[in-house]
Q: 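Got a structure for you, written out below as C-alpha coordinates; questions coming shortly.
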Amino acid sequence: MDKSLFFQRQFFNTLRTFCTVVVEGSFSNAALELKTSQPAVSLQIQSLEKYLDVILFERKGPKICITPDGRALYEMAMPALSTIEALPDQFLSSRGELQHGDLTLVGGETALLNILPPYLKLFSTRYPNINLIIHSTLTQTIPEIILSNKADFAIGSLFEENDELLYSPIFKFPSLLIMPHNHPLAELETITLRDIAAYTLIMPPEYSYSWWSINQVFKNNNIECPSQLTVSSSEAVKRYVREGLGVAIIMSAGEINYNDLLAVPMSRYFPHRDYGLIQRRGKFLSPQARKFKELLLSNEIQLPKAKLLHTPVVPSLS
DNA sequence: TGCTCGCTCCGCGATGTTAC
DNA sequence: GTAACATCGCGGAGCGAGCA
(Lines give C-alpha, C1' and ligand atoms only; values in the text may rest on other atoms or scores of the structure.)
Protein backbone atom coordinates (compact mmCIF):
# COMPACT_ATOMS: atom_id res chain seq x y z
CA MET A 1 0.00 0.00 0.00
CA ASP A 2 1.19 3.49 -0.84
CA LYS A 3 1.58 5.06 2.61
CA SER A 4 1.42 8.69 1.46
CA LEU A 5 -1.75 7.94 -0.47
CA PHE A 6 -3.17 6.18 2.56
CA PHE A 7 -2.47 9.22 4.71
CA GLN A 8 -3.94 11.68 2.24
CA ARG A 9 -7.17 9.96 1.46
CA GLN A 10 -8.11 7.60 4.19
CA PHE A 11 -6.23 7.91 7.40
CA PHE A 12 -8.48 10.41 9.15
CA ASN A 13 -11.68 8.56 8.24
CA THR A 14 -10.14 5.19 9.09
CA LEU A 15 -9.02 6.43 12.50
CA ARG A 16 -12.47 7.85 13.14
CA THR A 17 -13.99 4.50 12.18
CA PHE A 18 -11.53 2.69 14.44
CA CYS A 19 -12.35 4.95 17.44
CA THR A 20 -16.07 4.53 16.82
CA VAL A 21 -15.65 0.73 16.84
CA VAL A 22 -13.79 0.96 20.17
CA VAL A 23 -16.51 3.14 21.69
CA GLU A 24 -19.40 1.09 20.29
CA GLY A 25 -17.69 -2.26 20.92
CA SER A 26 -18.97 -3.64 17.63
CA PHE A 27 -18.40 -3.22 13.90
CA SER A 28 -22.13 -3.26 13.25
CA ASN A 29 -22.96 -0.60 15.83
CA ALA A 30 -20.08 1.53 14.59
CA ALA A 31 -21.49 1.24 11.06
CA LEU A 32 -24.88 2.45 12.31
CA GLU A 33 -23.24 5.33 14.16
CA LEU A 34 -21.19 6.35 11.10
CA LYS A 35 -24.16 5.83 8.76
CA THR A 36 -22.23 3.32 6.68
CA SER A 37 -22.32 -0.45 6.22
CA GLN A 38 -20.75 -3.14 8.36
CA PRO A 39 -18.53 -4.41 5.48
CA ALA A 40 -17.18 -0.90 5.00
CA VAL A 41 -16.20 -0.73 8.67
CA SER A 42 -14.69 -4.21 8.53
CA LEU A 43 -12.59 -3.33 5.49
CA GLN A 44 -11.39 -0.05 7.00
CA ILE A 45 -10.24 -1.80 10.16
CA GLN A 46 -8.50 -4.46 8.07
CA SER A 47 -6.72 -1.80 6.02
CA LEU A 48 -5.61 -0.01 9.19
CA GLU A 49 -4.29 -3.27 10.66
CA LYS A 50 -2.45 -4.01 7.44
CA TYR A 51 -0.98 -0.51 7.30
CA LEU A 52 0.18 -0.55 10.94
CA ASP A 53 1.06 -4.26 10.79
CA VAL A 54 -0.72 -4.96 14.07
CA ILE A 55 -3.90 -6.70 15.18
CA LEU A 56 -6.26 -4.09 16.64
CA PHE A 57 -9.18 -6.38 17.45
CA GLU A 58 -9.24 -10.06 18.33
CA ARG A 59 -12.06 -11.69 16.39
CA LYS A 60 -13.76 -14.34 18.52
CA GLY A 61 -16.42 -15.55 16.13
CA PRO A 62 -19.11 -12.91 16.12
CA LYS A 63 -17.47 -11.02 18.98
CA ILE A 64 -14.53 -8.64 18.88
CA CYS A 65 -12.15 -7.71 21.67
CA ILE A 66 -9.69 -4.83 21.55
CA THR A 67 -6.02 -5.84 21.81
CA PRO A 68 -3.38 -3.96 23.85
CA ASP A 69 -2.12 -2.49 20.55
CA GLY A 70 -5.65 -1.38 19.74
CA ARG A 71 -6.05 0.21 23.17
CA ALA A 72 -2.75 2.04 22.79
CA LEU A 73 -3.76 3.36 19.36
CA TYR A 74 -7.11 4.48 20.72
CA GLU A 75 -5.45 6.42 23.57
CA MET A 76 -3.32 8.25 21.01
CA ALA A 77 -5.89 8.68 18.25
CA MET A 78 -8.90 9.92 20.20
CA PRO A 79 -7.37 13.18 21.50
CA ALA A 80 -5.88 13.81 18.06
CA LEU A 81 -9.24 13.31 16.34
CA SER A 82 -11.00 15.54 18.84
CA THR A 83 -8.40 18.23 18.20
CA ILE A 84 -8.84 18.04 14.44
CA GLU A 85 -12.64 18.02 14.65
CA ALA A 86 -12.57 21.07 16.95
CA LEU A 87 -10.17 22.91 14.68
CA PRO A 88 -12.75 25.06 12.81
CA ASP A 89 -14.32 26.35 16.04
CA GLN A 90 -10.91 26.82 17.65
CA PHE A 91 -9.78 28.81 14.63
CA LEU A 92 -12.82 31.08 14.84
CA SER A 93 -12.27 31.42 18.57
CA SER A 94 -8.65 32.46 18.04
CA ARG A 95 -10.00 35.25 15.84
CA GLY A 96 -12.44 36.32 18.53
CA GLU A 97 -15.40 34.92 16.62
CA LEU A 98 -16.87 32.46 19.09
CA GLN A 99 -20.36 33.11 17.81
CA HIS A 100 -21.34 29.88 16.10
CA GLY A 101 -21.37 26.16 16.70
CA ASP A 102 -23.18 23.72 18.95
CA LEU A 103 -22.89 23.02 22.65
CA THR A 104 -24.38 19.67 23.62
CA LEU A 105 -25.00 18.97 27.30
CA VAL A 106 -26.56 16.01 29.05
CA GLY A 107 -27.77 15.62 32.60
CA GLY A 108 -30.35 14.15 34.90
CA GLU A 109 -33.72 15.84 35.14
CA THR A 110 -32.89 17.31 38.55
CA ALA A 111 -29.70 18.96 37.35
CA LEU A 112 -31.31 20.22 34.17
CA LEU A 113 -34.26 21.75 36.03
CA ASN A 114 -32.54 23.10 39.12
CA ILE A 115 -28.90 23.82 38.33
CA LEU A 116 -28.51 24.60 34.64
CA PRO A 117 -31.22 27.21 33.81
CA PRO A 118 -29.47 30.33 35.22
CA TYR A 119 -26.18 29.28 33.59
CA LEU A 120 -27.86 28.59 30.24
CA LYS A 121 -29.65 31.94 30.39
CA LEU A 122 -26.43 33.85 31.00
CA PHE A 123 -24.52 31.84 28.38
CA SER A 124 -27.15 32.32 25.68
CA THR A 125 -27.18 36.05 26.42
CA ARG A 126 -23.44 36.26 25.89
CA TYR A 127 -23.32 33.89 22.89
CA PRO A 128 -26.76 34.16 21.23
CA ASN A 129 -25.73 32.35 18.03
CA ILE A 130 -24.41 29.19 19.70
CA ASN A 131 -26.95 26.38 19.49
CA LEU A 132 -27.59 24.82 22.90
CA ILE A 133 -28.61 21.16 22.72
CA ILE A 134 -29.70 19.78 26.09
CA HIS A 135 -30.46 16.07 26.61
CA SER A 136 -32.19 14.72 29.70
CA THR A 137 -31.22 11.23 30.77
CA LEU A 138 -30.92 8.91 33.78
CA THR A 139 -27.87 9.48 35.98
CA GLN A 140 -26.58 5.95 35.43
CA THR A 141 -26.56 6.33 31.62
CA ILE A 142 -24.40 9.48 31.67
CA PRO A 143 -21.04 7.61 31.45
CA GLU A 144 -22.19 5.70 28.36
CA ILE A 145 -23.34 8.91 26.64
CA ILE A 146 -20.16 10.81 27.45
CA LEU A 147 -17.87 7.94 26.40
CA SER A 148 -19.67 7.67 23.07
CA ASN A 149 -19.04 11.37 22.42
CA LYS A 150 -22.71 12.21 22.10
CA ALA A 151 -22.31 15.30 24.30
CA ASP A 152 -19.56 17.77 25.15
CA PHE A 153 -19.99 17.01 28.82
CA ALA A 154 -22.57 16.16 31.45
CA ILE A 155 -23.84 17.83 34.60
CA GLY A 156 -24.59 15.35 37.33
CA SER A 157 -23.18 12.88 39.83
CA LEU A 158 -21.16 9.75 39.24
CA PHE A 159 -22.38 6.45 40.72
CA GLU A 160 -18.90 4.99 40.73
CA GLU A 161 -15.31 5.72 39.72
CA ASN A 162 -14.54 5.40 36.02
CA ASP A 163 -10.98 5.60 34.71
CA GLU A 164 -12.18 6.93 31.35
CA LEU A 165 -14.14 9.84 32.87
CA LEU A 166 -13.04 13.06 34.51
CA TYR A 167 -15.37 14.28 37.26
CA SER A 168 -15.09 17.82 38.65
CA PRO A 169 -17.50 18.31 41.57
CA ILE A 170 -18.87 21.86 41.75
CA PHE A 171 -22.00 21.96 43.90
CA LYS A 172 -22.72 20.29 47.23
CA PHE A 173 -26.18 19.68 48.68
CA PRO A 174 -26.58 18.42 52.27
CA SER A 175 -28.90 15.49 52.98
CA LEU A 176 -32.13 16.44 54.76
CA LEU A 177 -35.10 14.66 56.24
CA ILE A 178 -38.28 16.48 55.26
CA MET A 179 -41.68 16.05 56.90
CA PRO A 180 -44.81 18.09 57.69
CA HIS A 181 -44.48 20.36 60.74
CA ASN A 182 -46.98 18.27 62.69
CA HIS A 183 -45.27 14.91 62.05
CA PRO A 184 -44.44 12.76 65.17
CA LEU A 185 -40.73 12.77 64.21
CA ALA A 186 -40.78 16.56 64.62
CA GLU A 187 -41.20 16.04 68.38
CA LEU A 188 -37.87 14.19 68.73
CA GLU A 189 -34.68 15.97 69.69
CA THR A 190 -32.50 13.49 67.85
CA ILE A 191 -33.80 11.43 64.94
CA THR A 192 -32.15 8.08 64.27
CA LEU A 193 -32.37 5.72 61.32
CA ARG A 194 -34.57 3.41 63.39
CA ASP A 195 -36.97 6.30 64.06
CA ILE A 196 -37.22 6.96 60.34
CA ALA A 197 -37.70 3.27 59.62
CA ALA A 198 -40.97 3.33 61.53
CA TYR A 199 -42.58 5.51 58.86
CA THR A 200 -43.25 5.22 55.18
CA LEU A 201 -40.41 6.70 53.14
CA ILE A 202 -41.33 8.62 50.02
CA MET A 203 -38.61 7.57 47.60
CA PRO A 204 -37.23 9.25 44.47
CA PRO A 205 -37.40 7.43 41.14
CA GLU A 206 -36.18 3.84 41.31
CA TYR A 207 -32.48 3.32 40.50
CA SER A 208 -31.75 7.07 40.71
CA TYR A 209 -28.63 8.06 42.63
CA SER A 210 -30.68 9.13 45.68
CA TRP A 211 -32.78 5.94 45.61
CA TRP A 212 -29.64 3.83 45.49
CA SER A 213 -27.87 5.81 48.27
CA ILE A 214 -30.82 5.78 50.69
CA ASN A 215 -31.25 2.02 50.38
CA GLN A 216 -27.51 1.55 50.81
CA VAL A 217 -27.45 3.53 54.09
CA PHE A 218 -30.18 1.37 55.63
CA LYS A 219 -28.45 -1.77 54.39
CA ASN A 220 -25.03 -0.72 55.72
CA ASN A 221 -26.55 0.00 59.15
CA ASN A 222 -28.31 -3.39 59.22
CA ILE A 223 -31.69 -1.72 59.54
CA GLU A 224 -34.56 -3.06 57.56
CA CYS A 225 -35.56 -0.53 54.96
CA PRO A 226 -38.89 1.10 55.87
CA SER A 227 -41.93 0.66 53.71
CA GLN A 228 -41.47 2.76 50.63
CA LEU A 229 -43.63 4.74 48.30
CA THR A 230 -41.63 5.33 45.14
CA VAL A 231 -42.65 8.20 42.91
CA SER A 232 -41.49 9.26 39.48
CA SER A 233 -40.11 12.73 40.19
CA SER A 234 -38.53 14.80 42.94
CA GLU A 235 -41.43 17.25 42.75
CA ALA A 236 -43.79 14.39 43.50
CA VAL A 237 -41.72 13.48 46.58
CA LYS A 238 -42.36 16.89 48.14
CA ARG A 239 -46.03 16.78 47.20
CA TYR A 240 -46.54 13.37 48.83
CA VAL A 241 -44.73 14.50 51.99
CA ARG A 242 -46.99 17.58 52.17
CA GLU A 243 -50.00 15.29 51.87
CA GLY A 244 -48.80 13.36 54.93
CA LEU A 245 -48.13 10.10 53.09
CA GLY A 246 -44.67 9.77 54.68
CA VAL A 247 -41.29 11.38 55.14
CA ALA A 248 -38.45 11.73 52.63
CA ILE A 249 -34.69 11.92 52.55
CA ILE A 250 -33.56 14.72 50.28
CA MET A 251 -30.13 14.33 48.73
CA SER A 252 -30.25 16.38 45.58
CA ALA A 253 -30.57 19.82 44.13
CA GLY A 254 -34.15 19.15 43.19
CA GLU A 255 -35.72 20.11 46.47
CA ILE A 256 -34.28 23.50 47.15
CA ASN A 257 -37.71 24.98 47.91
CA TYR A 258 -39.25 23.28 50.92
CA ASN A 259 -40.20 26.23 53.16
CA ASP A 260 -43.60 24.78 53.98
CA LEU A 261 -41.99 21.57 55.31
CA LEU A 262 -39.74 20.82 58.26
CA ALA A 263 -36.21 19.98 57.10
CA VAL A 264 -33.78 18.27 59.47
CA PRO A 265 -30.10 17.82 58.52
CA MET A 266 -29.26 14.11 58.25
CA SER A 267 -25.60 14.26 57.30
CA ARG A 268 -24.88 11.99 60.29
CA TYR A 269 -26.28 9.07 58.29
CA PHE A 270 -26.68 10.12 54.69
CA PRO A 271 -23.91 11.43 52.45
CA HIS A 272 -24.12 14.85 50.90
CA ARG A 273 -24.88 14.94 47.22
CA ASP A 274 -22.47 16.65 44.96
CA TYR A 275 -23.03 17.64 41.36
CA GLY A 276 -20.32 18.44 38.91
CA LEU A 277 -19.02 18.35 35.42
CA ILE A 278 -18.43 14.95 33.80
CA GLN A 279 -16.31 14.70 30.67
CA ARG A 280 -14.34 12.03 28.87
CA ARG A 281 -10.74 11.95 30.04
CA GLY A 282 -8.52 13.43 27.36
CA LYS A 283 -11.38 14.90 25.36
CA PHE A 284 -10.57 18.14 23.60
CA LEU A 285 -13.35 20.53 24.54
CA SER A 286 -14.66 22.84 21.86
CA PRO A 287 -14.24 26.58 22.57
CA GLN A 288 -17.95 26.93 23.38
CA ALA A 289 -17.76 23.96 25.77
CA ARG A 290 -14.73 25.47 27.49
CA LYS A 291 -16.54 28.81 27.85
CA PHE A 292 -19.52 27.09 29.46
CA LYS A 293 -17.25 25.09 31.78
CA GLU A 294 -15.53 28.33 32.74
CA LEU A 295 -18.93 29.86 33.59
CA LEU A 296 -19.92 26.85 35.71
CA LEU A 297 -16.69 27.06 37.69
CA SER A 298 -16.99 30.80 38.21
CA ASN A 299 -18.93 32.35 41.08
CA GLU A 300 -21.04 34.53 38.82
CA ILE A 301 -24.21 32.67 39.78
CA GLN A 302 -25.19 31.48 43.26
CA LEU A 303 -27.80 28.71 43.42
CA PRO A 304 -30.24 29.00 46.34
CA LYS A 305 -29.43 26.50 49.13
CA ALA A 306 -26.48 25.17 47.18
CA LYS A 307 -23.11 25.24 48.86
CA LEU A 308 -20.00 25.51 46.69
CA LEU A 309 -17.82 22.47 47.29
CA HIS A 310 -14.60 24.31 46.71
CA THR A 311 -13.32 27.69 45.69
CA PRO A 312 -14.05 27.97 41.99
CA VAL A 313 -11.04 27.96 39.77
CA VAL A 314 -11.34 29.53 36.37
CA PRO A 315 -9.30 27.40 33.97
CA SER A 316 -6.87 29.03 31.64
CA LEU A 317 -7.81 28.81 28.01
CA SER A 318 -4.25 28.82 26.81
C1' DT B 1 -7.69 23.64 -22.68
C1' DG B 2 -11.32 20.52 -22.54
C1' DC B 3 -13.08 15.97 -23.39
C1' DT B 4 -12.90 10.88 -23.18
C1' DC B 5 -11.47 6.57 -21.52
C1' DG B 6 -9.78 3.37 -18.28
C1' DC B 7 -7.93 2.37 -13.81
C1' DT B 8 -8.50 2.41 -8.83
C1' DC B 9 -10.87 3.02 -4.69
C1' DC B 10 -14.76 2.70 -1.87
C1' DG B 11 -19.24 1.33 -0.29
C1' DC B 12 -23.23 -1.56 -0.72
C1' DG B 13 -26.14 -5.84 -0.61
C1' DA B 14 -26.00 -10.69 -0.47
C1' DT B 15 -24.09 -14.57 1.35
C1' DG B 16 -20.80 -17.40 4.07
C1' DT B 17 -18.73 -18.44 8.55
C1' DT B 18 -18.38 -18.83 13.43
C1' DA B 19 -19.52 -18.82 18.32
C1' DC B 20 -23.03 -18.91 21.68
C1' DG C 1 -31.49 -20.49 15.58
C1' DT C 2 -29.43 -16.07 16.19
C1' DA C 3 -26.15 -12.46 16.06
C1' DA C 4 -22.09 -10.44 14.33
C1' DC C 5 -17.90 -10.31 11.44
C1' DA C 6 -15.73 -11.73 6.80
C1' DT C 7 -15.88 -12.24 1.95
C1' DC C 8 -17.54 -11.69 -2.75
C1' DG C 9 -19.24 -9.32 -6.70
C1' DC C 10 -21.11 -5.21 -8.47
C1' DG C 11 -21.66 -0.28 -9.39
C1' DG C 12 -20.54 4.61 -8.80
C1' DA C 13 -17.20 8.30 -8.23
C1' DG C 14 -12.70 10.33 -8.59
C1' DC C 15 -8.45 10.82 -10.81
C1' DG C 16 -4.94 10.84 -14.32
C1' DA C 17 -3.24 9.91 -18.97
C1' DG C 18 -3.92 10.56 -23.74
C1' DC C 19 -5.78 12.93 -27.59
C1' DA C 20 -8.02 16.50 -30.51
Side-chain angles (χ1 to χ4, degrees), chain A residues 1-92 100-102 104 106 131 133 135-154 158-166 206-208 212 278-284 286:
Chain A
M1 177 180 290
D2 182 332
K3 290 191 176 183
S4 62
L5 205 63
F6 186 82
F7 259 105
Q8 286 170 18
R9 292 184 182 174
Q10 308 169 16
F11 201 57
F12 180 78
N13 281 342
T14 305
L15 274 186
R16 188 166 58 183
T17 300
F18 164 71
C19 290
T20 306
V21 171
V22 175
V23 170
E24 296 291 330
S26 144
F27 285 16
S28 304
N29 290 343
L32 287 173
E33 180 67 26
L34 294 166
K35 296 181 174 58
T36 183
S37 66
Q38 175 266 319
V41 171
S42 181
L43 287 172
Q44 284 190 41
I45 298 301
Q46 283 178 34
S47 69
L48 188 59
E49 289 178 323
K50 189 178 173 186
Y51 170 67
L52 295 172
D53 196 24
V54 294
I55 301 297
L56 300 171
F57 296 100
E58 269 185 58
R59 279 74 161 177
K60 299 177 177 176
K63 302 287 181 187
I64 58 166
C65 181
I66 191 167
T67 63
D69 283 335
R71 176 60 61 186
L73 179 64
Y74 177 76
E75 298 295 337
M76 281 190 269
M78 201 60 196
L81 280 178
S82 297
T83 302
I84 292 170
E85 285 175 344
L87 197 58
D89 284 335
Q90 197 182 15
F91 175 69
L92 290 176
H100 298 280
D102 295 337
T104 306
V106 64
N131 296 318
I133 303 160
H135 295 295
S136 174
T137 187
L138 297 172
T139 301
Q140 59 268 36
T141 63
I142 285 177
E144 180 189 334
I145 292 171
I146 294 301
L147 290 175
S148 60
N149 260 335
K150 288 174 181 163
D152 290 296
F153 50 73
L158 271 187
F159 265 112
E160 53 194 24
E161 294 277 325
N162 188 321
D163 289 341
E164 294 180 84
L165 295 174
L166 188 64
E206 207 167 3
Y207 302 116
S208 65
W212 178 82
I278 305 164
Q279 65 184 95
R280 190 170 52 72
R281 202 174 283 280
K283 179 179 175 64
F284 184 91
S286 65

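Reminder, nothing fancy here: chain letters follow the sequence lines and each chain counts from 1. Being a predicted model, the structure only gives us computed values, none of them experimental.
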Q: For the base of C:dA6, is there a side-chain donor-acceptor partner from A:Gln46 under 3.5 Å away?
A: no
Q: Quick one: list whatever passes side-chain hydrogen bond (donor to acceptor under 3.5 Å, both in side chains) with A:Thr141, sequence neighbours left out.
A: A:Thr137
Q: Quick one: list whatever passes ring-ring contact (aromatic ring centres under 6.0 Å, His included) with A:Tyr74, sequence neighbours left out.
A: none
Q: Does C:dC5 have OP1 or OP2 under 4.0 Å away from a side-chain N or O of A:Ser28?
A: yes
Q: Rounded to the nearest Å, what distance is computed from the CG atom of residue A:Leu43 to the P atom of nucleotide B:dG13?
A: 14 Å
Q: Using a 3.5 Å distance criterion without hydrogens, assess whether the side chain of A:Asp152 forms a donor-acceptor pair with backbone atoms of A:Thr104.
A: yes
Q: When the distance from CD of A:Gln38 to C1' of B:dT18 is rounded to whole Å, what number comes out?
A: 13 Å
Q: Between atom CD1 in A:Ile55 and atom P in C:dC5, what is the gap in whole Å?
A: 16 Å
Q: Give the rounded distance in Å between these two atoms: CZ of A:Phe57 and P of B:dT18.
A: 21 Å
Q: Rounded to whole angstrom units, what separation is found between the CD1 atom of A:Ile45 and the P atom of B:dC10?
A: 14 Å
Q: Grab the CZ-C1' distance between A:Phe27 and B:dG11 for me, whole Å please.
A: 16 Å
Q: By nearest atom, which of the nucleotides B:dG13, B:dG11, C:dC5 is closest to the A:Gln44 side chain?
A: B:dG11
Q: When you measure from the side-chain N and O atoms of A:Ser26 to the phosphate of C:dC5, is any distance below 4.0 Å, counting only OP1 and OP2?
A: yes
Q: Classify the side-chain pair A:Thr17/A:Gln44 by whether it contains a donor and acceptor separated by less than 3.5 Å.
A: yes
Q: Please give, in whole Å, the distance from B:dT18 C1' to A:Glu58 CD?
A: 15 Å
